[in-house]
Amino acid sequence: MPSQPEIRRARTPDVRAIRDLVAPLAESRVLVSKDAVAYFEGIQEFRVAEIDGVVVGCGALHVMWEDLAEIRTLAVSRDHLGHGVGGALLRALLEDAREIGVERIFCLTFETDFFTRHGFTEIEGRAVDPEVYAELLRSYDEGVAEFLDLERVKPNTLGNTRMLRQL
Ligand SMILES: CC(=O)SCCNC(=O)CCNC(=O)[C@H](O)C(C)(C)COP(=O)(O)OP(=O)(O)OC[C@H]1O[C@@H](n2cnc3c(N)ncnc32)[C@H](O)[C@@H]1OP(=O)(O)O
């Protein structure tokens, strides 16, 4: 039986492993690759899954508004897929979301079955009211632009499904 993953907050030395997890998925355009500096800046959003001292998965929670956050960069190494690592990471990130006080979790994904099993449903159109939409337009974050479905980021999000979960 495979060892259970330990889910813990990411630390700066994990950035290398996180980038290694993302690299093949970015190549196949499943995830967006970022510069190392972006991972260091966002390290406090990340949790990692470790098995026998090796990081085998990662995921992040990015807060966008008072009641809204996004699951980002959820990735499990090819050798460890289908053993509950992704599910354990997602549950930990949802717990973080509850602690922080957000109530709605967005994600943009090809993995619709996985997220559906974790309580997400597909959404169409805007998920925020016009006032919040106008405020979010002020963000420089590319992920927020993707959430807003802005024309300029549509090539990045082609084929992805927009999903939301209420906590
Ligand atoms: C918002 C974003 O970040 S979107 C991007 C999401 N990430 C990606 O698309 C990157 C590529 N995909 C991945 O890295 C992975 O496939 C993930 C992260 C989506 C899922 O990771 P996994 O570790 O395989 O997830 P997990 O094992 O919990 O569940 C996968 C399946 O394995 C099965 N499973 C779950 N737990 C176990 C277990 N303990 N033993 C055996 N099988 C299991 C389930 O049947 C599950 O089925 P489902 O996907 O239909 O729900």
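Both ligands and their constituent atoms are indexed starting at 1 by order of listing. Being a predicted model, the structure only gives us computed values, none of them experimental. Atom set for the values below is all heavy atoms of this structure, side chains included, hydrogens, waters and symmetry mates excluded.
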Does the protein put a heavy atom less than 4.0 Å from [atom]?
| atom | answer |
| --- | --- |
| atom 8 (C) of ligand 1 | yes |
| atom 34 (N) of ligand 1 | yes |
| atom 44 (C) of ligand 1 | no |

May I ask you to check if ligand 1 and [X] share an N or O to N or O distance below 3.5 Å?
| X | value |
| --- | --- |
| Ala75 | no |
| His80 | no |
| Thr73 | yes |
| Thr109 | no |
| Gly84 | yes |

Pair [X] + [Y], salt bridge at N-O below 4.0 Å:
| X | Y | answer |
| --- | --- | --- |
| Arg8 | Glu50 | yes |
| Glu111 | Arg117 | no |
| Asp141 | Arg72 | yes |
| Asp149 | Arg126 | no |

Step by step, work out the side-chain hydrogen bond (donor to acceptor under 3.5 Å, both in side chains) result for Glu45 and His62.
CA-CA 6 Å; Glu45 298 183 350; His62 182 81; 2.8 Å; yes

Give me the nearest non-hydrogen protein atom to atom 6 (C) of ligand 1 as residue plus atom name, then the distance to 0.1 Å.
Leu74 O, 3.5 Å

For atom 50 (O) of ligand 1, grab the closest protein heavy atom and report residue, atom and distance to one decimal in Å.
Arg117 NE, 2.7 Å

Under 3.5 Å, side chain of Asp129 to main-chain N/O of Val132, donor-acceptor pair present?
yes

May I ask you to decide if Glu146's main-chain N or O and Arg162's side chain share a donor-acceptor pair within less than 3.5 Å?
yes

Taking the side chain as everything from C-beta on, heavy atoms only, tell me whether [X] gets closer than 4.5 Å to [Y].
| X | Y | value |
| --- | --- | --- |
| Arg91 | His118 | yes |
| His80 | Pro5 | no |
| Glu122 | Thr112 | no |
| Tyr39 | Val22 | yes |

My understanding is that we take every heavy atom of each candidate and find the minimum distance to [atom]. Doing that for [options], which one comes out nearest?
| atom | options | result |
| --- | --- | --- |
| atom 1 (C) of ligand 1 | Val76, Ile71, Val22 | Ile71 |
| atom 21 (O) of ligand 1 | Gly143, Ala49, Pro5, Gly86 | Gly86 |
| atom 31 (C) of ligand 1 | Ala60, Ala88, Gly82 | Gly82 |

So which bit of [X] gets within less than 4.0 Å of ligand 1, heavy atoms only: side chain, backbone, both or neither?
| X | answer |
| --- | --- |
| Leu31 | side chain |
| Val30 | side chain |
| Arg72 | backbone |
| Leu25 | side chain |

Check ligand 1 against Gly87 and write out every atom of the ligand that is under 4.0 Å from a heavy-atom position of the residue.
25 (O), 26 (P), 28 (O)

For Cys107, the ligand 1 atoms whose distance to one of its heavy atoms is below 4.0 Å
1 (C)

